[in-house]
Number of protein chains: 2
Amino acid sequence: MQSFTEENYLKAIYSLSLRHEGDVSTNALAELTATKAASVTDMLRKLSDKELIHYKKYQGVRLTEEGERLALQVIRRHRLWEVFLVEKLGFGWDAVHDIAEQLEHIRSDELVVRLDGYLDHPQFDPHGDPIPTPAGKMPETGYRKLTEVGVGEDVRLMAVLEHSTEFLQHLDRSGLTLGCIITVKTVNDFDKSLLVRTETGSTVFASQDVAKNLLVS
Amino acid sequence: MQSFTEENYLKAIYSLSLRHEGDVSTNALAELTATKAASVTDMLRKLSDKELIHYKKYQGVRLTEEGERLALQVIRRHRLWEVFLVEKLGFGWDAVHDIAEQLEHIRSDELVVRLDGYLDHPQFDPHGDPIPTPAGKMPETGYRKLTEVGVGEDVRLMAVLEHSTEFLQHLDRSGLTLGCIITVKTVNDFDKSLLVRTETGSTVFASQDVAKNLLVS
DNA sequence: GGAATGCTTTAGACATATCTAAATTTTCAG
DNA sequence: CTGAAAATTTAGATATGTCTAAAGCATTCC
Ligand SMILES: [Mn+2]
Ligand SMILES: [Mn+2]
Ligand SMILES: [Mn+2]
Ligand SMILES: [Mn+2]
(Lines give C-alpha, C1' and ligand atoms only; values in the text may rest on other atoms or scores of the structure.)
(Ligands and ions follow the chains in the order given, each with its own letter.)
Protein backbone atom coordinates (compact mmCIF):
# COMPACT_ATOMS: atom_id res chain seq x y z
CA MET A 1 0.00 0.00 0.00
CA GLN A 2 1.36 3.39 -0.99
CA SER A 3 0.94 6.77 0.63
CA PHE A 4 -0.42 9.75 -1.28
CA THR A 5 3.13 10.99 -1.56
CA GLU A 6 4.45 7.76 -3.00
CA GLU A 7 1.62 7.69 -5.54
CA ASN A 8 2.47 11.24 -6.58
CA TYR A 9 6.13 10.37 -7.09
CA LEU A 10 5.21 7.33 -9.21
CA LYS A 11 2.96 9.53 -11.34
CA ALA A 12 5.71 12.14 -11.65
CA ILE A 13 8.28 9.54 -12.73
CA TYR A 14 5.85 8.15 -15.30
CA SER A 15 5.08 11.58 -16.64
CA LEU A 16 8.73 12.59 -16.96
CA SER A 17 9.73 9.33 -18.59
CA LEU A 18 7.28 10.11 -21.41
CA ARG A 19 8.71 13.57 -21.90
CA HIS A 20 12.32 12.53 -22.61
CA GLU A 21 14.22 9.42 -23.57
CA GLY A 22 16.24 7.61 -20.94
CA ASP A 23 16.04 7.63 -17.16
CA VAL A 24 14.47 10.37 -15.09
CA SER A 25 16.76 12.71 -13.14
CA THR A 26 16.53 13.71 -9.49
CA ASN A 27 16.39 17.41 -10.33
CA ALA A 28 13.56 16.98 -12.82
CA LEU A 29 11.54 15.16 -10.16
CA ALA A 30 12.32 17.83 -7.60
CA GLU A 31 11.00 20.49 -9.94
CA LEU A 32 7.83 18.60 -10.90
CA THR A 33 6.97 17.65 -7.32
CA ALA A 34 7.88 21.13 -6.04
CA THR A 35 10.37 19.71 -3.53
CA LYS A 36 14.15 19.73 -3.23
CA ALA A 37 16.58 17.23 -4.73
CA ALA A 38 17.50 15.93 -1.29
CA SER A 39 13.88 15.03 -0.58
CA VAL A 40 13.62 13.24 -3.90
CA THR A 41 16.68 11.13 -3.14
CA ASP A 42 15.09 10.01 0.14
CA MET A 43 11.93 8.97 -1.64
CA LEU A 44 13.79 7.18 -4.43
CA ARG A 45 15.51 5.01 -1.83
CA LYS A 46 12.14 4.10 -0.39
CA LEU A 47 10.49 3.34 -3.75
CA SER A 48 13.52 1.31 -4.72
CA ASP A 49 13.26 -0.76 -1.52
CA LYS A 50 9.66 -1.48 -2.48
CA GLU A 51 10.83 -2.48 -5.97
CA LEU A 52 8.60 0.08 -7.65
CA ILE A 53 11.53 1.72 -9.44
CA HIS A 54 14.93 0.75 -10.85
CA TYR A 55 17.40 3.07 -9.16
CA LYS A 56 21.18 3.26 -8.98
CA LYS A 57 22.79 6.17 -7.20
CA TYR A 58 23.65 9.03 -9.57
CA GLN A 59 22.20 7.04 -12.50
CA GLY A 60 18.61 8.25 -12.66
CA VAL A 61 15.42 6.29 -12.20
CA ARG A 62 12.91 4.21 -14.16
CA LEU A 63 9.64 2.53 -13.13
CA THR A 64 9.50 -1.24 -12.69
CA GLU A 65 6.55 -3.08 -14.24
CA GLU A 66 4.77 -2.98 -10.90
CA GLY A 67 5.60 0.72 -10.48
CA GLU A 68 4.19 1.52 -13.90
CA ARG A 69 1.06 -0.47 -13.19
CA LEU A 70 0.49 1.54 -10.01
CA ALA A 71 1.24 4.87 -11.73
CA LEU A 72 -1.28 4.07 -14.44
CA GLN A 73 -3.88 3.14 -11.86
CA VAL A 74 -3.49 6.56 -10.27
CA ILE A 75 -3.71 8.26 -13.66
CA ARG A 76 -6.78 6.22 -14.48
CA ARG A 77 -8.49 7.39 -11.32
CA HIS A 78 -7.44 11.00 -11.94
CA ARG A 79 -8.91 11.03 -15.42
CA LEU A 80 -12.12 9.24 -14.51
CA TRP A 81 -12.75 11.78 -11.75
CA GLU A 82 -12.08 14.61 -14.19
CA VAL A 83 -14.73 13.17 -16.50
CA PHE A 84 -17.13 12.97 -13.57
CA LEU A 85 -16.49 16.56 -12.53
CA VAL A 86 -17.09 17.91 -16.03
CA GLU A 87 -19.84 15.60 -17.31
CA LYS A 88 -21.85 15.18 -14.14
CA LEU A 89 -21.13 18.16 -11.93
CA GLY A 90 -20.79 20.69 -14.74
CA PHE A 91 -17.33 22.00 -13.89
CA GLY A 92 -15.34 23.68 -16.65
CA TRP A 93 -12.37 21.72 -17.99
CA ASP A 94 -10.15 24.43 -16.55
CA ALA A 95 -11.29 23.82 -12.96
CA VAL A 96 -11.04 20.08 -12.47
CA HIS A 97 -7.37 19.20 -12.35
CA ASP A 98 -6.67 20.28 -8.76
CA ILE A 99 -9.74 18.52 -7.39
CA ALA A 100 -8.84 15.36 -9.32
CA GLU A 101 -5.36 15.55 -7.77
CA GLN A 102 -7.08 14.86 -4.47
CA LEU A 103 -9.73 12.41 -5.65
CA GLU A 104 -7.19 10.22 -7.45
CA HIS A 105 -5.90 8.99 -4.08
CA ILE A 106 -9.21 7.65 -2.78
CA ARG A 107 -8.65 3.97 -2.15
CA SER A 108 -11.43 1.63 -3.27
CA ASP A 109 -11.32 -0.72 -6.24
CA GLU A 110 -15.08 -1.07 -6.21
CA LEU A 111 -15.45 2.70 -6.40
CA VAL A 112 -13.35 2.92 -9.55
CA VAL A 113 -15.27 0.10 -11.21
CA ARG A 114 -18.61 1.71 -10.45
CA LEU A 115 -17.49 5.22 -11.37
CA ASP A 116 -16.22 3.92 -14.71
CA GLY A 117 -19.55 2.23 -15.40
CA TYR A 118 -21.54 5.28 -14.28
CA LEU A 119 -19.57 7.42 -16.74
CA ASP A 120 -20.16 4.83 -19.48
CA HIS A 121 -16.57 3.65 -19.74
CA PRO A 122 -15.08 6.86 -21.15
CA GLN A 123 -11.96 6.53 -23.30
CA PHE A 124 -10.73 10.10 -22.88
CA ASP A 125 -10.73 12.71 -20.15
CA PRO A 126 -11.89 16.33 -20.59
CA HIS A 127 -8.43 17.30 -21.82
CA GLY A 128 -8.41 14.60 -24.48
CA ASP A 129 -5.98 12.39 -22.55
CA PRO A 130 -6.60 8.66 -22.94
CA ILE A 131 -7.76 6.83 -19.82
CA PRO A 132 -5.56 3.84 -18.95
CA THR A 133 -7.29 0.46 -19.04
CA PRO A 134 -8.28 -1.32 -15.82
CA ALA A 135 -5.43 -3.72 -16.54
CA GLY A 136 -2.94 -0.86 -16.48
CA LYS A 137 -2.14 -0.18 -20.11
CA MET A 138 -2.01 3.31 -21.60
CA PRO A 139 -3.89 3.45 -24.93
CA GLU A 140 -1.88 4.79 -27.87
CA THR A 141 -3.28 7.84 -29.62
CA GLY A 142 -0.84 8.76 -32.35
CA TYR A 143 -1.55 12.46 -31.95
CA ARG A 144 1.00 15.06 -33.17
CA LYS A 145 1.78 18.42 -31.74
CA LEU A 146 0.32 21.34 -33.65
CA THR A 147 3.90 22.62 -34.07
CA GLU A 148 4.57 19.66 -36.37
CA VAL A 149 1.71 20.41 -38.73
CA GLY A 150 2.47 21.95 -42.14
CA VAL A 151 0.87 25.06 -43.61
CA GLY A 152 -2.43 24.32 -45.32
CA GLU A 153 -3.13 21.12 -43.42
CA ASP A 154 -6.58 20.56 -41.87
CA VAL A 155 -6.38 18.89 -38.48
CA ARG A 156 -8.66 18.18 -35.53
CA LEU A 157 -7.77 19.39 -32.02
CA MET A 158 -7.74 16.21 -29.91
CA ALA A 159 -5.98 16.95 -26.62
CA VAL A 160 -3.99 19.45 -24.58
CA LEU A 161 -0.72 18.76 -22.76
CA GLU A 162 -1.02 21.59 -20.26
CA HIS A 163 -3.84 21.51 -17.66
CA SER A 164 -3.47 24.82 -15.89
CA THR A 165 -6.53 26.99 -15.47
CA GLU A 166 -4.83 29.92 -17.19
CA PHE A 167 -3.91 27.95 -20.31
CA LEU A 168 -7.33 26.34 -20.67
CA GLN A 169 -9.17 29.61 -20.18
CA HIS A 170 -6.97 31.13 -22.86
CA LEU A 171 -8.06 28.39 -25.26
CA ASP A 172 -11.71 28.98 -24.36
CA ARG A 173 -11.33 32.67 -25.14
CA SER A 174 -9.67 31.84 -28.44
CA GLY A 175 -12.54 29.56 -29.45
CA LEU A 176 -10.26 26.51 -29.53
CA THR A 177 -12.37 23.65 -28.19
CA LEU A 178 -11.58 19.95 -28.19
CA GLY A 179 -12.71 18.29 -31.39
CA CYS A 180 -12.74 21.42 -33.53
CA ILE A 181 -11.17 21.42 -36.99
CA ILE A 182 -8.39 23.91 -37.57
CA THR A 183 -6.31 24.86 -40.58
CA VAL A 184 -2.77 26.15 -40.31
CA LYS A 185 -2.59 29.29 -42.39
CA THR A 186 0.92 30.63 -41.74
CA VAL A 187 3.98 29.79 -39.65
CA ASN A 188 6.17 32.68 -38.56
CA ASP A 189 9.79 31.70 -39.31
CA PHE A 190 11.19 33.89 -36.55
CA ASP A 191 9.26 32.83 -33.45
CA LYS A 192 7.45 29.74 -34.86
CA SER A 193 4.11 31.26 -33.95
CA LEU A 194 1.08 30.19 -36.00
CA LEU A 195 -2.01 31.67 -37.50
CA VAL A 196 -4.79 29.10 -37.68
CA ARG A 197 -8.33 29.26 -38.98
CA THR A 198 -11.04 27.64 -36.89
CA GLU A 199 -14.29 26.01 -38.01
CA THR A 200 -16.17 29.23 -37.40
CA GLY A 201 -13.95 30.98 -39.92
CA SER A 202 -12.16 33.21 -37.46
CA THR A 203 -8.39 33.46 -37.46
CA VAL A 204 -6.53 32.76 -34.21
CA PHE A 205 -2.96 33.54 -33.25
CA ALA A 206 -1.05 30.79 -31.42
CA SER A 207 2.45 31.31 -30.04
CA GLN A 208 4.82 28.34 -30.17
CA ASP A 209 4.30 28.02 -26.41
CA VAL A 210 0.60 27.48 -26.99
CA ALA A 211 0.93 25.37 -30.14
CA LYS A 212 3.33 22.87 -28.58
CA ASN A 213 0.69 22.06 -25.96
CA LEU A 214 -2.00 21.29 -28.53
CA LEU A 215 -2.31 17.73 -29.86
CA VAL A 216 -4.04 17.11 -33.17
CA SER A 217 -4.81 14.27 -35.55
CA MET B 1 -6.57 24.82 7.29
CA GLN B 2 -6.85 21.47 9.10
CA SER B 3 -5.20 18.16 8.36
CA PHE B 4 -7.24 15.01 7.79
CA THR B 5 -6.33 13.98 11.29
CA GLU B 6 -7.51 17.22 12.84
CA GLU B 7 -10.80 16.96 10.95
CA ASN B 8 -11.27 13.44 12.24
CA TYR B 9 -10.69 14.51 15.83
CA LEU B 10 -13.20 17.37 15.48
CA LYS B 11 -15.76 14.93 14.12
CA ALA B 12 -15.03 12.49 16.94
CA ILE B 13 -15.43 15.19 19.59
CA TYR B 14 -18.72 16.28 18.04
CA SER B 15 -20.00 12.74 17.87
CA LEU B 16 -19.10 11.95 21.49
CA SER B 17 -20.55 15.18 22.81
CA LEU B 18 -23.92 14.10 21.40
CA ARG B 19 -23.71 10.72 23.08
CA HIS B 20 -23.31 11.97 26.67
CA GLU B 21 -23.86 15.15 28.60
CA GLY B 22 -20.85 17.21 29.61
CA ASP B 23 -17.35 17.35 28.26
CA VAL B 24 -15.69 14.61 26.23
CA SER B 25 -12.97 12.55 27.89
CA THR B 26 -9.52 11.71 26.60
CA ASN B 27 -10.11 7.98 26.88
CA ALA B 28 -13.39 8.10 24.97
CA LEU B 29 -11.61 9.92 22.14
CA ALA B 30 -8.75 7.43 22.21
CA GLU B 31 -11.20 4.58 21.78
CA LEU B 32 -13.20 6.21 18.98
CA THR B 33 -10.15 7.31 17.00
CA ALA B 34 -8.42 3.97 17.63
CA THR B 35 -5.38 5.64 19.14
CA LYS B 36 -3.91 5.87 22.64
CA ALA B 37 -4.77 8.43 25.29
CA ALA B 38 -1.30 9.97 25.04
CA SER B 39 -1.81 10.69 21.34
CA VAL B 40 -5.16 12.28 22.06
CA THR B 41 -3.62 14.61 24.63
CA ASP B 42 -1.07 15.78 22.05
CA MET B 43 -3.81 16.54 19.55
CA LEU B 44 -6.00 18.31 22.12
CA ARG B 45 -3.15 20.69 22.85
CA LYS B 46 -2.88 21.47 19.15
CA LEU B 47 -6.62 21.95 18.60
CA SER B 48 -6.76 24.13 21.69
CA ASP B 49 -3.93 26.33 20.36
CA LYS B 50 -6.01 26.77 17.20
CA GLU B 51 -9.03 27.67 19.35
CA LEU B 52 -11.14 24.89 17.88
CA ILE B 53 -11.81 23.35 21.30
CA HIS B 54 -12.15 24.45 24.93
CA TYR B 55 -9.63 22.38 26.83
CA LYS B 56 -8.25 22.43 30.38
CA LYS B 57 -5.88 19.71 31.47
CA TYR B 58 -7.64 16.76 33.13
CA GLN B 59 -11.01 18.49 32.61
CA GLY B 60 -12.22 17.11 29.28
CA VAL B 61 -12.92 18.89 26.06
CA ARG B 62 -15.70 20.73 24.19
CA LEU B 63 -15.86 22.25 20.71
CA THR B 64 -15.74 26.01 20.27
CA GLU B 65 -18.24 27.57 17.87
CA GLU B 66 -15.63 27.53 15.13
CA GLY B 67 -14.72 23.93 15.98
CA GLU B 68 -18.36 22.85 15.74
CA ARG B 69 -18.77 24.67 12.45
CA LEU B 70 -15.81 22.79 11.01
CA ALA B 71 -16.98 19.45 12.40
CA LEU B 72 -20.40 19.93 10.82
CA GLN B 73 -18.81 20.82 7.50
CA VAL B 74 -16.95 17.51 7.53
CA ILE B 75 -20.11 15.63 8.48
CA ARG B 76 -22.00 17.42 5.70
CA ARG B 77 -19.44 16.31 3.16
CA HIS B 78 -19.45 12.74 4.52
CA ARG B 79 -23.20 12.43 4.24
CA LEU B 80 -23.45 14.05 0.80
CA TRP B 81 -20.85 11.61 -0.53
CA GLU B 82 -22.77 8.70 1.01
CA VAL B 83 -25.88 9.84 -0.84
CA PHE B 84 -23.86 10.01 -4.05
CA LEU B 85 -22.42 6.54 -3.59
CA VAL B 86 -25.85 4.97 -2.99
CA GLU B 87 -28.06 7.02 -5.31
CA LYS B 88 -25.72 7.47 -8.26
CA LEU B 89 -23.20 4.64 -8.10
CA GLY B 90 -25.57 2.01 -6.76
CA PHE B 91 -23.59 0.98 -3.70
CA GLY B 92 -25.47 -0.71 -0.86
CA TRP B 93 -25.93 1.39 2.27
CA ASP B 94 -23.69 -1.09 4.07
CA ALA B 95 -20.69 -0.36 1.81
CA VAL B 96 -20.42 3.42 1.71
CA HIS B 97 -19.22 4.54 5.12
CA ASP B 98 -15.54 3.70 4.71
CA ILE B 99 -15.33 5.32 1.29
CA ALA B 100 -17.08 8.44 2.59
CA GLU B 101 -14.53 8.57 5.41
CA GLN B 102 -11.98 9.30 2.70
CA LEU B 103 -14.08 11.51 0.45
CA GLU B 104 -15.16 13.77 3.32
CA HIS B 105 -11.64 15.25 3.42
CA ILE B 106 -11.52 16.41 -0.20
CA ARG B 107 -11.02 20.16 -0.06
CA SER B 108 -13.11 22.25 -2.46
CA ASP B 109 -16.06 24.43 -1.54
CA GLU B 110 -17.22 24.53 -5.14
CA LEU B 111 -17.25 20.73 -5.23
CA VAL B 112 -19.58 20.50 -2.22
CA VAL B 113 -21.94 23.09 -3.67
CA ARG B 114 -22.15 21.29 -7.00
CA LEU B 115 -22.43 17.83 -5.47
CA ASP B 116 -25.28 19.05 -3.27
CA GLY B 117 -27.08 20.46 -6.31
CA TYR B 118 -26.42 17.34 -8.38
CA LEU B 119 -28.00 15.22 -5.65
CA ASP B 120 -30.97 17.61 -5.48
CA HIS B 121 -30.20 19.02 -2.04
CA PRO B 122 -30.83 15.86 -0.03
CA GLN B 123 -31.93 16.29 3.58
CA PHE B 124 -30.91 12.83 4.81
CA ASP B 125 -28.13 10.37 4.08
CA PRO B 126 -28.65 6.67 3.28
CA HIS B 127 -28.67 5.86 7.00
CA GLY B 128 -31.38 8.43 7.73
CA ASP B 129 -28.95 10.89 9.31
CA PRO B 130 -29.79 14.55 8.66
CA ILE B 131 -27.33 16.45 6.49
CA PRO B 132 -26.02 19.63 8.16
CA THR B 133 -26.87 22.87 6.37
CA PRO B 134 -24.25 24.75 4.35
CA ALA B 135 -24.23 27.31 7.17
CA GLY B 136 -23.20 24.64 9.65
CA LYS B 137 -26.37 23.81 11.57
CA MET B 138 -27.48 20.27 12.34
CA PRO B 139 -31.20 19.81 11.61
CA GLU B 140 -33.28 18.45 14.50
CA THR B 141 -35.13 15.22 13.86
CA GLY B 142 -36.93 14.32 17.10
CA TYR B 143 -36.50 10.59 16.49
CA ARG B 144 -36.68 8.12 19.39
CA LYS B 145 -34.82 4.89 19.84
CA LEU B 146 -36.89 1.77 19.20
CA THR B 147 -36.08 0.72 22.77
CA GLU B 148 -38.28 3.58 24.01
CA VAL B 149 -41.35 2.50 22.06
CA GLY B 150 -44.20 0.82 23.93
CA VAL B 151 -45.88 -2.48 23.01
CA GLY B 152 -48.57 -2.07 20.38
CA GLU B 153 -47.21 1.20 18.96
CA ASP B 154 -46.87 1.61 15.21
CA VAL B 155 -43.71 3.49 14.22
CA ARG B 156 -41.67 4.20 11.12
CA LEU B 157 -37.97 3.27 10.92
CA MET B 158 -36.20 6.54 10.13
CA ALA B 159 -32.48 6.12 10.83
CA VAL B 160 -29.75 3.87 12.20
CA LEU B 161 -27.08 4.88 14.68
CA GLU B 162 -24.59 2.18 13.74
CA HIS B 163 -23.01 2.21 10.25
CA SER B 164 -20.97 -0.97 10.20
CA THR B 165 -21.36 -3.33 7.26
CA GLU B 166 -22.27 -6.21 9.56
CA PHE B 167 -25.07 -4.36 11.31
CA LEU B 168 -26.59 -3.01 8.10
CA GLN B 169 -26.44 -6.37 6.37
CA HIS B 170 -28.18 -7.89 9.36
CA LEU B 171 -31.01 -5.36 8.95
CA ASP B 172 -31.23 -6.15 5.23
CA ARG B 173 -31.58 -9.84 6.01
CA SER B 174 -34.28 -9.07 8.59
CA GLY B 175 -36.27 -7.05 6.09
CA LEU B 176 -35.87 -3.86 8.11
CA THR B 177 -35.44 -1.07 5.56
CA LEU B 178 -35.50 2.66 6.15
CA GLY B 179 -39.02 4.05 5.99
CA CYS B 180 -40.79 0.81 6.76
CA ILE B 181 -43.58 0.71 9.36
CA ILE B 182 -43.08 -1.62 12.29
CA THR B 183 -45.25 -2.59 15.24
CA VAL B 184 -43.78 -3.60 18.57
CA LYS B 185 -45.46 -6.85 19.55
CA THR B 186 -43.67 -7.91 22.73
CA VAL B 187 -40.82 -6.74 24.95
CA ASN B 188 -38.88 -9.41 26.80
CA ASP B 189 -38.54 -8.25 30.43
CA PHE B 190 -35.35 -10.19 31.00
CA ASP B 191 -33.07 -9.08 28.13
CA LYS B 192 -35.19 -6.19 26.72
CA SER B 193 -35.26 -7.88 23.34
CA LEU B 194 -38.21 -7.14 21.05
CA LEU B 195 -40.47 -8.91 18.65
CA VAL B 196 -41.72 -6.53 15.95
CA ARG B 197 -44.03 -7.02 13.01
CA THR B 198 -43.00 -5.46 9.71
CA GLU B 199 -45.19 -4.12 6.90
CA THR B 200 -44.93 -7.43 5.09
CA GLY B 201 -46.50 -9.16 8.05
CA SER B 202 -43.44 -11.12 9.09
CA THR B 203 -42.27 -11.09 12.68
CA VAL B 204 -38.70 -10.11 13.41
CA PHE B 205 -36.61 -10.59 16.53
CA ALA B 206 -34.48 -7.62 17.65
CA SER B 207 -32.06 -7.82 20.55
CA GLN B 208 -31.67 -4.72 22.70
CA ASP B 209 -28.27 -4.21 21.01
CA VAL B 210 -30.03 -3.96 17.66
CA ALA B 211 -33.06 -1.99 18.86
CA LYS B 212 -31.04 0.76 20.53
CA ASN B 213 -29.43 1.50 17.18
CA LEU B 214 -32.75 1.96 15.40
CA LEU B 215 -34.37 5.42 15.36
CA VAL B 216 -38.09 5.73 14.73
CA SER B 217 -40.79 8.35 14.62
C1' DG C 1 44.53 14.38 -17.98
C1' DG C 2 42.96 17.45 -14.59
C1' DA C 3 40.36 21.00 -12.77
C1' DA C 4 35.81 23.43 -12.69
C1' DT C 5 31.06 22.88 -12.90
C1' DG C 6 26.83 20.91 -12.03
C1' DC C 7 24.15 16.97 -10.34
C1' DT C 8 23.25 14.07 -6.67
C1' DT C 9 23.64 12.18 -2.26
C1' DT C 10 24.58 12.41 2.77
C1' DA C 11 24.34 14.66 7.32
C1' DG C 12 21.74 16.73 10.50
C1' DA C 13 17.26 19.14 11.57
C1' DC C 14 12.35 19.98 11.95
C1' DA C 15 7.15 19.11 11.87
C1' DT C 16 3.38 15.80 12.28
C1' DA C 17 1.29 12.00 14.32
C1' DT C 18 1.91 8.09 16.64
C1' DC C 19 3.55 4.84 20.55
C1' DT C 20 5.15 2.87 25.47
C1' DA C 21 6.32 3.70 30.02
C1' DA C 22 6.45 6.68 33.83
C1' DA C 23 4.65 10.48 36.45
C1' DT C 24 0.81 13.20 37.86
C1' DT C 25 -3.91 14.43 38.90
C1' DT C 26 -8.62 13.25 39.87
C1' DT C 27 -12.06 10.33 41.62
C1' DC C 28 -14.08 7.14 44.62
C1' DA C 29 -14.51 3.68 48.22
C1' DG C 30 -14.04 2.64 52.76
C1' DC D 1 -10.65 12.22 54.97
C1' DT D 2 -7.40 9.44 53.01
C1' DG D 3 -5.27 5.98 50.19
C1' DA D 4 -5.89 3.14 46.12
C1' DA D 5 -7.57 2.96 41.47
C1' DA D 6 -8.56 5.18 37.31
C1' DA D 7 -7.82 8.73 34.13
C1' DT D 8 -4.76 11.87 32.11
C1' DT D 9 -0.53 14.02 30.99
C1' DT D 10 4.51 14.10 30.24
C1' DA D 11 8.90 12.06 28.69
C1' DG D 12 11.26 9.99 25.37
C1' DA D 13 11.03 7.22 20.87
C1' DT D 14 9.72 5.99 16.13
C1' DA D 15 8.14 6.75 11.28
C1' DT D 16 7.19 9.84 7.35
C1' DG D 17 8.30 13.51 4.55
C1' DT D 18 10.42 17.66 4.24
C1' DC D 19 14.46 21.15 4.45
C1' DT D 20 19.51 23.44 4.31
C1' DA D 21 24.25 22.89 4.05
C1' DA D 22 28.07 20.17 3.03
C1' DA D 23 30.31 16.47 0.71
C1' DG D 24 30.70 13.18 -3.20
C1' DC D 25 30.34 11.81 -8.18
C1' DA D 26 30.37 12.78 -13.33
C1' DT D 27 30.87 15.40 -17.18
C1' DT D 28 33.06 18.59 -19.76
C1' DC D 29 36.13 21.99 -21.11
C1' DC D 30 40.53 23.41 -21.70
MN1 LIG E 1 -5.50 16.57 -14.69
MN1 LIG F 1 -6.83 15.64 -17.65
MN1 LIG G 1 -21.05 7.18 7.51
MN1 LIG H 1 -24.37 7.85 7.10
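Side chains included, hydrogens not; waters and symmetry mates left out as well; all remaining heavy atoms used. Proteins come first, then strands; the chains are lettered A, B, ... in the order of their sequence lines, and each starts at number 1.
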[X] [atom1] to [N] [atom2], straight-line distance once rounded to whole Å:
X: A:Lys36; N: C:dT9; atom1: NZ; atom2: C1'; result: 16 Å
X: A:Tyr55; N: D:dC25; atom1: OH; atom2: P; result: 13 Å
X: B:Leu47; N: C:dT16; atom1: CG; atom2: P; result: 12 Å
X: A:Glu31; N: C:dT8; atom1: CD; atom2: P; result: 12 Å
X: A:Lys56; N: C:dT8; atom1: NZ; atom2: P; result: 16 Å
X: B:Met43; N: C:dC19; atom1: CE; atom2: C1'; result: 14 Å
X: A:Lys50; N: D:dA15; atom1: NZ; atom2: P; result: 14 Å
X: B:Tyr58; N: D:dT8; atom1: OH; atom2: C1'; result: 5 Å

Scan B:Ser39 against the nucleic acid and name what it touches under 4.0 Å (heavy atoms): base, sugar-phosphate only, or nothing.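 It contacts base atoms.
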> Checking all strands, does B:Thr5 fall into the base, sugar-phosphate, or nothing category for heavy-atom contacts under 4.0 angstrom?
Replying inline: sugar-phosphate
When B:Gly60 and A:Ser3 are each assigned the nearest nucleotide of DNA chain D, the 5'-most assignment goes to B:Gly60
Residue pairs passing the ring-ring contact (aromatic ring centres under 6.0 Å, His included) test where at least one lies in residues 8-29 of chain B, sequence neighbours excluded: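 Found none.
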B:Thr41 has its side chain closest, among C:dA11, C:dC19, D:dT10, to D:dT10
Output the single nucleotide from D:dT10, C:dT26, C:dT8 whose closest atom is nearest the side chain of B:Arg45.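 Nearest to the side-chain atoms of B:Arg45, counting from C-beta on, is D:dT10.
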inquiry  = Can you tell me if A:Asp191 has over 12 outside heavy atoms packed within less than 6.0 Å of its CG?
reply    = yes
_Tell me whether B:Arg45 at atom CZ has more than 12 heavy atoms from other residues, nucleotides or ligands lying less than 6.0 Å away._
no
| query | Cation-pi between B:Lys88 and B:Tyr118: NZ/CZ under 6.0 Å from ring centre and within 45° of the ring axis? | reply | yes
Q) Which residues, if any, of residues 7-28 of chain A bring a heavy atom under 4.0 Å of DNA chain D? A)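 Heavy-atom contacts with DNA chain D come from A:Tyr9.
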**Message:** Enumerate the salt bridge (Lys or Arg N to Asp or Glu O under 4.0 Å) contacts for residues 207-217 of chain A, please, sequence neighbours excluded, ordered by first and then second residue.
**Reply:**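 Only A:Asp209-A:Lys212 qualify under salt bridge (Lys or Arg N to Asp or Glu O under 4.0 Å).
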Does the distance from a Lys or Arg side-chain N to an Asp or Glu carboxylate O, for B:Glu66 and B:Arg69, drop under 4.0 Å?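 A salt bridge is present here (some side-chain N lies under 4.0 Å from a carboxylate O).
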Q. To the nearest 0.5 Å, what is the distance between CG (A:Leu85) and CG (B:Leu111)?
A.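 Here the interatomic distance stands at 6.5 Å.
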